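For the single chain, residues carry numbers from 1 onward in sequence order. Nothing here was measured: the structure is a model prediction, and the numbers come from that model.
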Amino acid sequence: MEQSNENKAPASYTLGLDIGMASVGAALLNEGQILALHVRTFDKAETAKEGESLNLIRREARLTRRRIRRRAFRLLRLRRLFKRIGLISSHSAETFTDTASPWNWRAKGLDRKLESNEWAAVLYHIVKHRGFQSNRKSEVKDDEKAGQMLSGVSANQTRMKAGGWRTMGEMAARDDEFAHAKRNKGGQYTHTFARADLADEVQQLFAAQRQHANPHSAPELETAVHDLLMARKPMQNILHMVGTCTFEKNPPEKRAPNATYTAERFVWLDCLNKLRISDQGKTRGLDNQERQAVIHLPFTLKGKVKYQQIRARINLPETARFVGVDYWKKRKGGNELAAEDKALFEAKAFHALRKAYEDAGLKTEWARDAANPDRLDDLGYVLTVFKEERDIEQELAKCGIEHAIIQAVKGLSFAKFKHLSLKALRKIIPHMEAGMRYDDAVPAAGYAHHSDLNRDNIKTRHLPHISKEDF
């Protein structure tokens, strides 16, 4: 008896999507048969001129609003403090800011007692314009604006010492360099002060006011003003944003930072095992002897590993060529092998740590730690996950890293993570060291192949309401 349409299983459709920055491609299939294809293009979500993300403007505006909101709240807390101790009679700032320039009072306050409105204006002025402070040295290196501000800070510190000025406020009030403008103008950062220098100025002003019997110069008030001047929200570590390992799910393991020694060795072994050599019409990979000759190369050489260095280490004949190297570009110079002056791999984090050790005079310690993968993994992990120098110091100390080494490396900052955890990488790497490619090393380590995992994650959905015409 023929089965009725009501009892038939609904048709099984597969919808594939290819989502890009400026297009979305789609395909509708039924049991391997393509029913429909479709592409929708649209403008990229970026500015036409600079190519920047449209979210950049929103993000910068949001950061500006947040900075203004926090400054307003900080100043409100300061005014409440002033009123609580009787320095001012009202929470309104107009009661002590609509008078003479606070710059002159900042200079005069070192030598005479300031009146209540003058003293309030000076402290309010310093806390409101509290100078530059970077969270980490590495951020200054990467941020052009922060670098310019730091240059301005250094120049002003030098000028203050050369001019014999006691504080930044005194210099700004009386030095001819600041006669026309106290603040930065026109995108210049020559008049930038360090927050630490302003904190020192607050300390000197309070000491001077205590000498001149100012009733509002108690150490408790100094501490409260200093805390407001230096207040900022700490940067959180990014561990909560890190995904879990593709293979280690029970219990879930966090992904490994790119800067760990294990992750960099994994990438190098992957490059090495994929390397192919063409000679007289035959293509092959490295044999075991050749692989052993270069397997430690990125961690013994200083800098990048180039194809020509591999050629020299494995005594490759001149007739052999590396697959993937464009030898034609160097034909003009008459030396075809000059095309091999091209990097295959660089252990960037490893050599960044090496340089930090050596710059701090810790070559002996580096010779010891360079042979300790677990120690290098700890350094790479902490310097990637944690962003506050205080947190970095604490976490590295927990790992047993010596104080001198912590001080040498804490300025480094790394980013990005692999799709695998350190636990998984340590299981896979021995098989890759034996010459296996990644796709063979994964099952050899006891994991399901990544393509099988992806296939298991794809769910076939019944979409009886979709037809070719609808598509």
Would you check, one step at a time, whether the test salt bridge (charged side-chain N to carboxylate O under 4.0 Å, His left out) holds for Asp377 with Arg426? CA-CA 11 Å; Asp377 285 347; Arg426 288 165 181 162; 2.8 Å; yes
Determine, step by step, whether Leu286 and Val294 satisfy the side-chain contact (heavy atoms from CB on, under 4.5 Å) criterion, reporting the C-alpha distance in whole Å, the side-chain angles of both residues, the deciding distance to 0.1 Å, and the verdict. CA-CA 10 Å; Leu286 299 181; Val294 297; 4.2 Å; yes
Could you walk me through whether Asp197 and Gln157 pass the side chain to side chain donor-acceptor pair (under 3.5 Å) check? CA-CA 8 Å; Asp197 293 332; Gln157 290 172 339; 2.9 Å; yes
Please assess Glu201 against Ile126 for the test side-chain contact (heavy atoms from CB on, under 4.5 Å), listing each intermediate value before the final yes or no. CA-CA 9 Å; Glu201 180 178 355; Ile126 294 175; 4.1 Å; yes
Phe247 and Ile428: side-chain contact (heavy atoms from CB on, under 4.5 Å), yes or no, with the steps? CA-CA 11 Å; Phe247 299 127; Ile428 295 172; 4.2 Å; yes
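Legend: residues meeting side chain to side chain contact (heavy atoms under 4.5 Å, CB included) with Ala199, ordered by chain and number and at least two apart, are His226, Leu229, Met230. Looking at residues two or more places apart in sequence or on another chain, you find a salt bridge (charged side-chain N to carboxylate O under 4.0 Å, His left out) between Lys423 and Glu248. Every residue two or more places apart in sequence or in another chain was checked for a side chain to side chain donor-acceptor pair (under 3.5 Å) with Thr64, and none qualifies. The side chain to side chain contact (heavy atoms under 4.5 Å, CB included) test applied to Val39 returns Thr41, not counting sequence neighbours. Listed by chain and residue number, nothing satisfies the side chain to side chain donor-acceptor pair (under 3.5 Å) test with Arg66 (two or more places apart in sequence, or in another chain). Checked against salt bridge (charged side-chain N to carboxylate O under 4.0 Å, His left out), Asp270 has the following partners two or more places apart in sequence or in another chain: Lys274. Scored by the side chain to side chain donor-acceptor pair (under 3.5 Å) test, His419 finds Tyr438 as partners (sequence neighbours excluded). With sequence neighbours left out, Asn55 forms a side chain to side chain donor-acceptor pair (under 3.5 Å) with Arg58.
Of the possible polar contacts, one joining the Glu264 side chain to the Ala349 backbone as a donor-acceptor pair under 3.5 Å is found. Distance alone, capped at 3.5 Å, is enough to place a donor-acceptor pair between the Asn273 side chain and the Met432 backbone. Judged by distance alone, the side chain of Asn184 and the main-chain N or O of Thr190 form a donor-acceptor pair under 3.5 Å. Of the possible polar contacts, one joining the Arg210 side chain to the Ser217 backbone as a donor-acceptor pair under 3.5 Å is found. In this structure, Arg255 contributes its side chain and Thr244 its backbone to a donor-acceptor pair below 3.5 Å. A distance-only check finds no donor-acceptor pair linking the side chain of Glu253 to the backbone of Ala424 [under 3.5 Å].
Rounding to the nearest 0.5 Å gives a distance of 10.5 Å between NZ of Lys342 and CD of Glu340. Atom CZ of Arg130 sits about 10.5 Å away from atom CG of Leu198, to the nearest 0.5 Å. Atoms CZ and CG, from Arg321 and Leu316 in turn, are 9.0 Å apart once rounded to the nearest 0.5 Å. If you take CZ on Phe417 and CG on Asn258, they are separated by 8.0 Å, rounding to the nearest 0.5 Å. Interatomic distance, CG of Leu353 versus CG of Leu383, reported as 6.5 Å (0.5 Å rounding). A distance of 13.0 Å separates OH in Tyr124 from CG in Leu81, rounded to the nearest 0.5 Å.
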Solution key, residues 298-306 side-chain donor-acceptor pairs under 3.5 Å, sequence neighbours excluded:
unit_1: Thr300; atom_1: OG1; unit_2: His296; atom_2: O; d: 3.2
unit_1: Thr300; atom_1: OG1; unit_2: Leu297; atom_2: O; d: 3.2
unit_1: Lys306; atom_1: NZ; unit_2: Asp341; atom_2: OD1; d: 2.8

Check: residues 164-171 side-chain donor-acceptor pairs under 3.5 Å, at least two apart:
unit_1: Trp165; atom_1: NE1; unit_2: Asp175; atom_2: OD2; d: 3.1
unit_1: Arg166; atom_1: NE; unit_2: Glu170; atom_2: OE1; d: 3.3
unit_1: Arg166; atom_1: NE; unit_2: Glu170; atom_2: OE2; d: 3.4
unit_1: Arg166; atom_1: NH1; unit_2: Asp111; atom_2: OD1; d: 2.9
unit_1: Arg166; atom_1: NH2; unit_2: Asp111; atom_2: OD1; d: 3.4
unit_1: Arg166; atom_1: NH2; unit_2: Asp111; atom_2: OD2; d: 3.0
unit_1: Arg166; atom_1: NH2; unit_2: Glu170; atom_2: OE2; d: 2.9
unit_1: Thr167; atom_1: OG1; unit_2: Glu170; atom_2: N; d: 3.1
unit_1: Glu170; atom_1: OE1; unit_2: Arg166; atom_2: N; d: 2.8
unit_1: Glu170; atom_1: OE2; unit_2: Arg174; atom_2: NH1; d: 3.3

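Contacts classified as salt bridge (charged side-chain N to carboxylate O under 4.0 Å, His left out) and involving residues 390-403 (residues at least two apart or in different chains) are given here: Arg368-Glu402, Arg375-Glu402, Glu393-Lys410, Glu395-Lys398. Here salt bridge (charged side-chain N to carboxylate O under 4.0 Å, His left out) pairs that include residues 178-196, with residues two or more places apart or in two chains, number zero.
The only option from Thr260, Val267, Thr246, Thr262 that meets the side chain to side chain contact (heavy atoms under 4.5 Å, CB included) definition with Lys418 turns out to be Val267.
Environment of CD1 in Ile238: crowded, with over 12 heavy atoms of neighbouring residues, nucleotides or ligands closer than 6.0 Å. More than 12 heavy atoms of other residues, nucleotides or ligands lie within 6.0 Å of CG in Asn288, so this atom counts as buried by the packing criterion. No more than 12 heavy-atom neighbours from other residues, nucleotides or ligands sit within 6.0 angstrom of NE2 on His403. For CG of Asp176, the number of neighbouring non-hydrogen atoms (other residues, nucleotides, ligands) closer than 6.0 Å is 12 at most. Counting non-hydrogen atoms of neighbouring residues, nucleotides and ligands closer than 6.0 angstrom, the NZ atom of Lys254 exceeds 12 such neighbours. Summarising the local packing, NZ of Lys161 is surrounded by 12 or fewer heavy atoms from other residues, nucleotides or ligands at distances under 6.0 Å.
Salt bridge annotation for Arg291-Glu433: absent, with no cationic side-chain nitrogen under 4.0 angstrom from a carboxylate oxygen.
For Ala218 against Phe206, the heavy-atom pair with the smallest separation is O-CE2, 4.1 Å. Considering all non-hydrogen atoms of both residues, Ile277 and Ala320 come closest at CG2-CB, 3.8 Å. Closest approach of Gly109 and Gln209 over heavy atoms only: O-NE2, 2.9 Å. Ala172 and Phe193 make their closest contact through CB-CZ, 4.2 Å (heavy atoms, listed as atom of the first residue, atom of the second, distance).
Aromatic rings of Trp103 and His125 (six-membered ring for Trp) have centroids within the 6.0 Å cut-off, being under it. Between Trp268 and Phe350, the gap from one ring centroid to the other reaches at least 6.0 Å.
Aromatic ring pairs are classed by plane angle as parallel below 30°, tilted from 30° to 60° and perpendicular above 60°; the pair Phe386 and Tyr381 is perpendicular.
The shortest distance between side-chain heavy atoms of Trp366 and Ile405 does not fall below 4.5 Å. Using a 4.5 Å heavy-atom threshold, the side chains of Ile401 and Asp369 count as separate.
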